[in-house]
Amino acid sequence: MTDTAAAAPKKKLFLLDAFALIYRSHFAFSKNPRINSKGMNTGAVLGFTNTLVEVLQKEKPTHIGVCFDSAKKTFRHEQYAEYKAQRQAMPEDIGIALPYIKKIIEGFHIPILKMDGYEADDVIGTLAQKAEKEGFEVFMMTPDKDYCQLVTENIKIYRPAFMGNAAEILDVAHVLARFEIERVEQVIDILGLQGDASDNIPGIPGIGEKTAKTLIQKYGSVENLIANTDQLKGKQQENVRNFAEQGLMSKELATIHVNVPLDFEADKLVLDAPDEATLRELFEELEFRQLAARVLSGGGPQRTPAGVAAPGSKPTRRPKLVAGDQATLFGDAAVASGAEEGETGHYGAPSGPRKRLEDVPYQYHMMDTPELRKSLLSFLLQQTEVSFDTETTGLDIMTARLVGLSFCWLPGEAYYVPVPTEDPAAVQGIVEEFCPFFEAAHILKIGQNIKYDLTILRHYGVEVSGQLFDTMLAHYLIEPDMRHNMDVLAETYLHYSPVSITELIGPKGKKQKTMADIPPAEVKDYACEDADVTLQLKHVFEPMLRDLGLLGLLNDVENPLVPVLSSIEYEGVRIDSEAMTEYSAELQGYITELETQIFREAGQEFNIGSPKQLGEVLFDKMDIGKGKIKKTKTGQYATGEEILSQLATDNPIAALILEYRQLTKLRSTYVEALPQLVNEADGRVHTSFNQAVTATGRLSSTNPNLQNIPIRTEKGREIRKAFVPRDDQHVLLAADYSQVELRIMADFSGDATMIEAFRLGQDIHNSTASKVFKVPLDQVDSEMRRKAKTVNFGIIYGISAFGLAQRIGISRKEATEIIETYFQEFPSVKQFMDESINRARELEYAETLLKRRRYLRDINSRNATLRGYTERNAINAPIQGTAADIIKMAMINIYHWLREEKLQTRMILQVHDELVFDAVQEEVAYITPKIKELMTTALLLPRGVPLEVEVGTGRNWLQAH
DNA sequence: CCTGGGCG
DNA sequence: CGCCCAGG
C-alpha cells in the first residue's frame, strides 16, 4: 500500500520458482556443458541469470521476488512418506551454482522468499493470491505445469523465454485448452488421477494423461469419479475401486496450498536498481562477458557487428566471430530451454492442436558468406553432438545435387548454409570447408535417415566420421511396424507439424520444383527446422530406448551399420548390360514360341498375362480341371501356381502357361528392368537398402530389389551371369551362412540331436529325414531329404500342418503325421515353440538375441486365425531377427576390417544370409579366411552352436556360388 | 514366416 | 489394390 506507482496502470509482480528454473537451465546445458576457464560448470547460473535479466528488461515488473524451496521436510512428506522420495540428489554442479545464484539475486536487490516446511509453489501460490487481492497482475515464472491450478484472470504463468523471443504466458484459456477441462481447479483432479512420476505422486494405475482427461470431462472431479465407479468398465473400474484412497491422496499432494502463514508485504518486493559493483565482480568471476555488457552500464566488451546482412535475412542479430562464453553463435540472448523431456520442450504441450513453425520461438540463421561459414565451423567444432541435414535437388541418390546444409545443436536455434548448385566447383569448395566437422571423430552426428546425407556427402568425397545417431532407426527399434518419416515423428513425439516439402516445392507432378529452384532464404527455415526437429527427436528417443533396453542395439548395430550400407549403395554392382540384352532376345524367342503353342491349345488368342482372361479360357471355354477349380476372394478363378501345377499332369496347356509366366516374369522384372537402372556414368546399379521397414530386423532392397534375383530355376539363374565384377582385376566373392536360421533354432531350443548334427557337420536335412522317416542316414533318398528340408523351413516359420501339406504336395493327414513324428524326435523344439508363444503372450512381443522387439499385440486375440498367425510370428520373429542381428554385426566388422587393412575389396550386396564382395583378385586369398572368421564369430549363440560360412568366387555372381 | 515389383 | 512370383 505504501508504493506510489501511480504512473503504472497496473502493478506487475513476478514470482520466480528458483529451483525449477535452475534445474531447467542446468539440464538445458547438460548436453553442451559450459565450462569457464576455472573449470566450473556455469550452465545453471548463466541460464537462470539470463532468464532473470530477460524478464527484467522485457517485462519491466514493478515488483519481483524469487522463491526457493525450504531444505526442511514439508507437510507433504508427513502426509506421504514416499513424496519426492525417488527424486535424485541435487547434481553437484547445481550445488556449486547455488551460492552464485543467490549472490546474483542479491546483487539485483531482489528479495529471496522461503518458508520452512513449505515448498516454493505453496509460497508463490499464497503470495500470488494475496497480491491479486491488492490489485496486482501476477506472473508466476516457472516451467512447472502444476501451477496451472492457480491461474486466474490476474494470475498467469510466465514460461521462460526462449532464445530471445517472446516468452509464453499461460492464462485461463490456455490452461483450460491444454488440460481439456472446464474449470481451472480441475487441474488437480487431472494431476491426481494421472500422477506425476517426477514428484512420485502415484495417481491411479492405468490412468495416464489421455484417460485422466476423458474421465474428468465426464465426471468433473476425482471424488465424483470414485462415487460413480460402478459406471466404469473392466480393469479401469477395478483400478479406480482399489486405488480410490491413493487417488484422493494424489490429488491432495498435487494441490498447491495457498494458506502459508506469510504476509504479503508489497513494499519489500518493489523492484530496485541493481548493485552494479557486486554484479560486475560476480560476472567477471564467472566470465559472463556478454551478460555484463547487457546488464551493466558501460561495462563489459561491446558486441561488434560482423558480416554483411544476407538478402532476406532479418538483420536482428549479428554473429560473433569468436567463440565466447555462449554455447550458440548468436547466443547473447540465449535462455536455457529445450525439449530434453519431450513434453516440456518449447515445441509445446503434449496435446491439442499441432504447433507449427510460426507458433514457436526459433532462430534460424542464414550462413551464406565465407566469414559466416568460418564462424559456424568454429562453433561446430566445439560441440559434442550436432544434428545436420542436407537439402538436395531430388531423392535419387545418384543424380541428386546438393543445395544446402543445415546444422543444429541447441533446440530452436539452427544454421543454414546454402550452396550455389549451378556451380559445382564452388559447391565442392563449400562442402570441403565443413570437412573438419564431418570428419571430427569426437562429434556425434545426428540425422533423420542419415544414410542419405552420408551418401550425398560421399559423392563430394567426404567420409563422415564419428558416432552417428539416426532418429529414423531409433524409432524403428521403438515401434518397428509404425512409420518413421520425420513429419509423423514430429507430430507424435513433439506435437509439432514441420513445414511440409510440398508447401515449399509444390505438389508432386511435372511442375514440381526442386529445392534448387527456391530462393535460399525460403529454404532456410525448412532446412533448419529439419535439423532442429531431428535434434529434439533424438532427445526424446534416447531415454525411451534406454528404458526399453534398446540403446545398445541402436548404438552397436543399427547406427554403425549406416555407413556400411551407404558404402554398399555408393559402390553399386556392375551389370553386364550387353549380356542382359542378349538374354532378353533369347527369352523373347522362348516366349513367342510358348505363346503360339498356348494359343494353339486354347484354340484362340488372348492375354495370357491376365488372370481374368486366362481363367475364363481355361475353365469356361476349355472346361478343364473339373473338381480342382477354385475361386479367389474377389470371385475370380484362381490361376496360381498351385492350381496350374495340379492341372499340368493332364493338361499340357497348364504346363505351358506356367513356363510362360516364369519367363515373362524373368523378362519384365529382371532382364528388362535391370539395365534401365544401370547408372550410365559407371555401368553399375545402385540399390537402396532400407534399414527400417521389416518387422523382423532384416534389411530390404529396392530400386532395384537385388535381394530377389532368381537362383532356383535354370533359366532364372542365367540372370546372375550378368552380375559381374567391376573390371578384370576383380572377381565376385560370395559368402553364405549355411542354415543360420536352423542353427539359431537348434541353439535356442537346445535340442541335443540337432546340435549334435551341426557339431558333426552333418547335412541337417538328411539328418532330419533320417529321424522323421526313421531310416538310417545312408538310406535317406532325395525325396525324403526334400520333404525334410521343407519341414525344417516350416519349423522356422512356426509350421502349420496346412502350410506344410501345401508345400510338399501331400495330404493334411500325412503332414500332420510328419509334424508329430518330428516333435517326437525333437521334443525340445516343440518345447521351445510353446515357450516362445507363452512368453509372447505375456510380454506381447517377441525379441531377438540382441533384444530387438517385434510387438505381437494380437497374440491374445479371440480370433483364432489372427492368433494363429501371430503365434507363428512369435516363433519366427526371434529366429529371423537374430539371423538379421548376426549378419548386421558381421557387416560392420568386415567393413571396418577392410578399411583398417586399407584393402580395395568392397562389400556390394547383402541378401539376408549372404554377403557379396567386389574383390581384388590379389586380395582374395587374404580376405577369404578373415571374412569367414568375422562372419562366424560376429555373434556367438548362447549354447555355442557353431555358425558356418561358405565362400566362393567367380567371374559372375552365378559362378561365385 | 519376411520381403518388393510388375501387371491388370 | 489384389494377385502372382522372385528371393531369404
Side-chain angles (χ1 to χ4, degrees), chain A residues 480-481 606-615 630-645 657-674 676-677 687-713 715-720 736-742 744-745 790 792-800 802-804 806-807 833 836 846 848 854 856 868-884 886-887 909-916 957 961:
Chain A
D481 27 42
F606 64 101
N607 184 350
I608 310 170
S610 160
K612 187 163 175 282
Q613 288 188 34
L614 178 64
K630 271 191 196 164
K631 294 216 174 176
T632 62
K633 275 177 272 179
T634 44
Q636 284 189 29
Y637 291 113
T639 60
E641 185 179 344
E642 184 199 329
I643 305 275
L644 291 184
S645 35
I657 289 166
L658 280 174
E659 202 181 346
Y660 172 88
R661 281 235 180 106
Q662 196 213 336
L663 299 189
T664 50
K665 170 92 176 180
L666 289 179
R667 190 189 54 184
S668 66
T669 311
Y670 304 102
V671 182
E672 307 270 83
L674 274 175
Q676 302 220 325
L677 289 159
T687 185
S688 43
F689 281 101
N690 200 328
Q691 208 180 335
V693 289
T694 72
T696 51
R698 275 188 178 179
L699 300 177
S700 82
S701 154
T702 53
N703 277 316
N705 180 356
L706 295 184
Q707 291 183 321
N708 71 345
I709 302 302
I711 192 162
R712 293 178 207 191
T713 65
K715 290 204 170 65
R717 308 165 67 106
E718 283 294 308
I719 292 167
R720 297 202 166 210
D736 279 65
Y737 280 107
S738 64
Q739 293 114 12
V740 241
E741 296 192 352
L742 271 179
I744 291 167
M745 172 67 146
T790 315
N792 277 332
F793 281 115
I795 293 294
I796 293 164
Y797 300 154
I799 209 143
S800 68
F802 177 75
L804 183 65
Q806 280 198 327
R807 279 193 164 255
M833 294 172 78
S836 298
T848 68
R854 171 160 190 196
L856 302 165
Y869 172 81
T870 315
E871 285 173 358
R872 290 191 282 281
N873 275 324
I875 296 161
N876 177 254
I879 297 172
Q880 195 179 105
T882 300
I886 292 173
I887 197 165
L909 278 181
Q910 189 251 44
V911 193
H912 309 307
D913 62 355
E914 169 185 12
L915 295 175
V916 183
W957 196 4
H961 269 103

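Reminder, nothing fancy here: chain letters follow the sequence lines and each chain counts from 1.
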Q: Side chains of A:E659 and A:K715: closer than 4.5 Å at any heavy-atom pair?
A: yes

Q: Students often get this wrong, so: under 4.0 angstrom with heavy atoms, is A:F793 touching a base, only sugar-phosphate, or nothing?
A: nothing

Q: Salt bridge (Lys or Arg N to Asp or Glu O under 4.0 Å) with A:R698: which residues, sequence neighbours excluded?
A: A:E741

Q: Under 4.0 Å between any heavy atoms, over every strand shown, what does A:R667 touch: base, sugar-phosphate, or nothing? Just pick one.
A: nothing

Q: Can you measure A:H912 atom NE2 to C:dG7 atom C1' for me and round it to whole angstrom units?
A: 6 Å

Q: For A:E741, which contact category applies under a 4.0 Å heavy-atom criterion: base, sugar-phosphate, or nothing?
A: nothing

Q: Quick one: A:L699 CG to C:dG8 C1', roughly how many Å, whole number?
A: 12 Å

Q: Would you tell me if any nitrogen or oxygen in the side chain of A:R698 comes within less than 4.0 Å of OP1 or OP2 on C:dG8?
A: no

Q: Could you check whether A:A695 gets within reach of a base, just the sugar-phosphate, or nothing at all, counting any heavy atom under 4.0 Å?
A: sugar-phosphate

Q: When all nucleic acid strands are considered with a 4.0 Å heavy-atom cut-off, which category describes A:L706: base, sugar-phosphate, or nothing?
A: nothing

Q: A:Y660 OH to C:dC4 P: how many Å, rounded?
A: 16 Å

Q: I need the single residue from A:T696, A:T694, A:N873 that forms a side chain to side chain donor-acceptor pair (under 3.5 Å) with A:R854. Which is it?
A: A:N873

Q: So, A:Q707 versus A:S700: side-chain donor-acceptor pair below 3.5 Å or not?
A: no

Q: Roughly how many Å is it from NZ in A:K665 to P in C:dC5, rounded to a whole number?
A: 8 Å

Q: Can you find a heavy atom in the side chain of A:I796 that is under 4.5 Å from one in the side chain of A:N876?
A: yes

Q: C:dA6 C1' sits how many Å from A:N703 CG, rounded?
A: 16 Å

Q: Can a side chain N or O of A:R661 be found less than 4.0 Å away from OP1 or OP2 on C:dC4?
A: no

Q: Please report the closest heavy-atom contact between A:M833 and A:I795, naming both atoms and the distance.
A: CE-O, 4.1 Å

Q: Looking across every strand, which nucleic acid part, if any, lies under 4.0 Å from A:T664 by heavy atom: base, sugar-phosphate, or nothing?
A: nothing

Q: Side chains of A:P704 and A:L706: closer than 4.5 Å at any heavy-atom pair?
A: yes

Q: What is the separation between atom CG on A:L666 and atom C1' on C:dA6, rounded to the nearest whole Å?
A: 8 Å

Q: I need the CG-P distance between A:L909 and C:dG8, as an integer number of Å.
A: 13 Å

Q: A:E914: what forms a salt bridge (Lys or Arg N to Asp or Glu O under 4.0 Å) with it, not counting sequence neighbours?
A: none

Q: Scan A:I709 against the nucleic acid and name what it touches under 4.0 Å (heavy atoms): base, sugar-phosphate only, or nothing.
A: sugar-phosphate

Q: Going 5' to 3' along DNA chain B, which nucleotides are the first and last within contact of chain A (any atom under 4.0 Å from a heavy atom)?
A: B:dC1 to B:dG8

Q: What integer distance in Å separates A:D736:CG from C:dG7:P?
A: 14 Å

Q: When all nucleic acid strands are considered with a 4.0 Å heavy-atom cut-off, which category describes A:N708: base, sugar-phosphate, or nothing?
A: base

